[in-house]
Amino acid sequence: MQDLKLLIGGVRTEALSGERFDSFDPYTGEAWATLPRAGVADVDRAVEAAHSAFTTGPWPRLSANQRGALLRKLADLLAAEGSRLAEIETRDNGKLIGETSFQARYLPQIFHYYAGLADKIEGAVMPLDDPGILAYTKWEPVGVVAAITPWNSPLLIAAGKLANALAAGCTVVLKPSEFTSVSTVVMSECFERAGFPPGVVNVLTGFGSEIGDALVGHPKVAKVTFTGSVPTGRRVNEVAARTFKRVALELGGKSPNIVFDDANLDDAVKGAIGGIFAASGQTCVAGSRLLLQDSIHDVFLERMYALAKDLRVGDPRDPATQVGPIATKPQYERVVDYFRIAKEDGATCLLGGELRTQTGQLVPPTIYTNVTNRMRIAREEIFGPVLSVLRFRDEEEAIALANDTLFGLASGVWTASMQRAFKMVDKLQAGTVWVNMYRSASFMMPLTGRKDSGLGSENGQANIRNYLEPKSVWVNHGSTINVPLLRK
Ligand code: NAP
């Protein structure tokens, strides 16, 4: 049993209440780690530690170049810990070992990328009319960042937030999901070993329902970066607004994956399967609405069924497994309830739709056809391996169906016509469009949501600006008109 602690001000510590909670392996159902159940007083301790690290101490005295060097050292330490972190994450959230290993190998690259940006935060000199005034901008870190992450890709999402915040010169209080905190706490050991000063990175484990408001609303938190569901994101935004915090929200999706009749069907079938069944559908960008053009609808589904029915569902540690468990018990129950909802909606079940086993939080790949865009299974984010298939006549109808959703995170288009592809790119109301591919991601590409899918963006070079604020500096070094009111 792993026995972990909070990280506050460089000290590994229990919650002040002394309370702890268990983390469960979603495949075996076993409690395998215990964590401190932080309370509001612990939030205060962590934010105070981050705030004093930001205002005093060695952190604000480090040059941008030195911050970059620390991030590079961290990246190298993480590279050495890759397989351990991958195993922990698979144990904690049930993601396939192949995927967690890939993500763990990717973490160092994220930190190297933003390390390279630390010393490229440049201001500008403005060409004012008056030569006696030097007017310039400088960029300053916003301050203490509260970073809140979900359970589906804990390390990857935390790394993106930390790399930006630290390269910019901010300090961080990180709150991972109560269901999957272990890998984040273990990763934080690398920050200590890399030599980040105490208080620069703090980690609070506990329940969002108990400490979320206190963290988001804390007067010494300057920015909140949140990844999670729409209802929690809305709450975070409301609480943060009271004290005018800078906010970034990366929320859910109900993304359309659109296949035209001129597409390479072999590729598109694989793209549709990967789009919804990878990570058991627990990705924000899951292609959970498959839109098929009428003329290929039946043949496409035949081919898709032939491949999807043989997907291996099981132990995420077994490299042969293709679909692992649902990460949390409440989410498992929620996904399974959509089998009932789909029946009530009147959809036709082509594959899955009922539990094959009651153990291991395993949900079979499920495909519903004859779905209309008004059905709940077409409108709500299920966040599981459940696909809704809709059909369309032509481009106009595809665009209308695709955009008829409260979400706007991602979308896919499969076609041989680049003319059509670029038209779709322009018309789709989504932060990401993949053409003849699906579900690729890079820290170099902004991840941003339209409509209810979020606010602001993550990733990409420009994201570091979201952790900085400009300061305008006016210096009179020879102007005679420094008091405009009294100018004659
Ligand atoms: P969630 O329930 O909204 O939780 C996200 C985080 O918020 C967790 O750490 C949670 O802590 C915390 N939280 C709960 N209540 C809070 C409050 N009042 N104030 C502040 N924080 C609070 O989401 P989830 O179920 O973990 O994750 C799945 C969702 O994330 C899906 O909707 C998915 O689409 C979305 N997601 C989006 C992206 C993206 O980039 N757009 C990426 C990945 C996932 P507890 O766990 O302790 O409750």
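When a ligand or atom number is given, it counts from 1 through the structure's own listing order. Since we're looking at a predicted model, the values are computed, not measured.
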Gly233: heavy atom below 4.0 Å from ligand 1, yes or no?
no
For atom 39 (C) of ligand 1, closest protein heavy-atom neighbour:
Cys284 SG, 3.3 Å
Atom indices of ligand 1, in the order listed, that fall short of 4.0 Å to a heavy atom of Gly206
47 (O)
Heteroatom proximity flag, Gly228 to ligand 1, N/O under 3.5 Å
yes
Separation between CG of Leu162 and CD1 of Ile157, rounded to the nearest 0.5 Å:
12.0 Å
State whether the shortest distance between N or O atoms of Thr227 and N or O atoms of ligand 1 falls below 3.5 angstrom.
no
Can a donor-acceptor pair be found between the side chains of Thr225 and Lys161 at a distance below 3.5 Å?
yes
Atoms in ligand 1 flagged as close to Asn152, the criterion being non-hydrogen separation under 4.0 Å:
43 (C), 44 (C)
Of all the non-hydrogen atoms in the protein, which one sits nearest to atom 47 (O) of ligand 1, and at what distance?
Glu178 OE1, 2.6 Å
Could you find the nearest protein heavy atom to atom 34 (O) of ligand 1 and give me its residue, atom name and distance?
Glu381 OE2, 2.6 Å
Subset of ligand 1 atoms that lie under 4.0 Å from at least one heavy atom of Ile157:
42 (C), 43 (C)
Does a side chain donor of either Trp32 or Asp92 reach within less than 3.5 Å of an acceptor in the other side chain?
yes
Side chains of Asn373 and Arg289: do they bring a donor and an acceptor to under 3.5 Å?
yes
Heavy-atom nearest neighbour of atom 28 (C) of ligand 1 within options Phe407, Phe21, Phe383:
Phe383
To which protein heavy atom is atom 27 (O) of ligand 1 closest, and what is the distance rounded to 0.1 Å?
Pro150 CB, 3.2 Å
N/O to N/O below 3.5 Å, does that happen between Gly253 and ligand 1?
no
Closest to atom 18 (N) of ligand 1 among protein heavy atoms sits Asp213 OD1, 3.6 Å
N or O pair under 3.5 Å between Lys175 and ligand 1:
yes
By number and element, which atoms of ligand 1 are closer than 4.0 Å to a non-hydrogen atom of Pro176?
9 (O)
Checking the N or O distance criterion of under 3.5 Å, is ligand 1 in contact with Thr232?
yes
Scan Tyr338, Tyr332, Phe407, Trp151 and name whichever one has a ring pair (Phe, Tyr, Trp, His ring centres under 6.0 Å) with Phe383.
Trp151
Nearest 0.5 angstrom please: Arg72 CZ to Leu77 CG, how far?
14.0 Å
Could you say whether the N/O atoms of Trp151 and ligand 1 ever approach to under 3.5 Å?
yes
Is a donor on one side and an acceptor on the other found under 3.5 Å between the side chain of Lys451 and the backbone of Thr405?
yes
Nearest protein heavy atom under 4.0 Å from atom 36 (N) of ligand 1, yes or no
yes
The atoms of ligand 1 lying under 4.0 Å from a heavy atom of Val236, numbered in the order shown, are 19 (N), 20 (C)
State whether the side chain of Thr432 and the backbone N or O of Ala410 hold a donor-acceptor pair below 3.5 Å, judged by distance alone.
no
Please identify which atoms of ligand 1 are closer than 4.0 Å to at least one heavy atom of Phe207.
47 (O)
Contact (N/O only, under 3.5 Å) between Ser453 and ligand 1:
no
By salt bridge (Lys or Arg N to Asp or Glu O under 4.0 Å), which residues pair with Asp213, not counting sequence neighbours?
Arg235
With ring pair (Phe, Tyr, Trp, His ring centres under 6.0 Å) as the test, would you mind laying out the steps for Tyr106 and Phe443 before giving the verdict?
CA-CA 9 Å; Tyr106 199 66; Phe443 50 79; 5.3 Å; yes
Flag the pair Arg439 and Glu99 as a salt bridge only when some basic side-chain nitrogen lies within less than 4.0 angstrom of an acidic carboxylate oxygen.
yes
Measure the distance from atom 1 (P) of ligand 1 to every protein heavy atom, then report the residue, atom name and distance (to 0.1 Å) of the closest one.
Ser229 OG, 3.6 Å
Considering Leu204, Leu447, Leu215, Leu156, which one's heavy-atom position lies nearest to atom 40 (O) of ligand 1?
Leu447
For atom 19 (N) of ligand 1, closest protein heavy-atom neighbour:
Gly212 CA, 3.3 Å
Within a distance under 4.0 Å of any heavy atom of Thr149, pick out the atoms of ligand 1 and give their elements.
6 (C), 8 (C), 9 (O)
Yes or no on side-chain contact (heavy atoms from CB on, under 4.5 Å) for Thr227 and Thr149, after CA distance, side-chain angles and deciding distance?
CA-CA 5 Å; Thr227 301; Thr149 53; 5.6 Å; no
Heavy-atom nearest neighbour in the protein, as seen from atom 41 (N) of ligand 1, with distance rounded to 0.1 Å
Leu251 O, 2.7 Å
Indicate yes or no: does an N/O atom of Phe226 lie under 3.5 Å from an N/O atom of ligand 1?
no
Could Arg84 and Glu189 be called an ion pair, given the rule that one side-chain N must be under 4.0 Å from one carboxylate O?
yes
Could you list which atoms of ligand 1 come closer than 4.0 Å to a heavy atom of Ile148?
6 (C), 7 (O), 9 (O), 12 (C), 20 (C), 21 (N)
Taking Ser177 for its side chain and Phe179 for its backbone only, find out whether a donor-acceptor pair lies under 3.5 Å.
yes
Partners of Arg450 by salt bridge (Lys or Arg N to Asp or Glu O under 4.0 Å), sequence neighbours excluded?
none
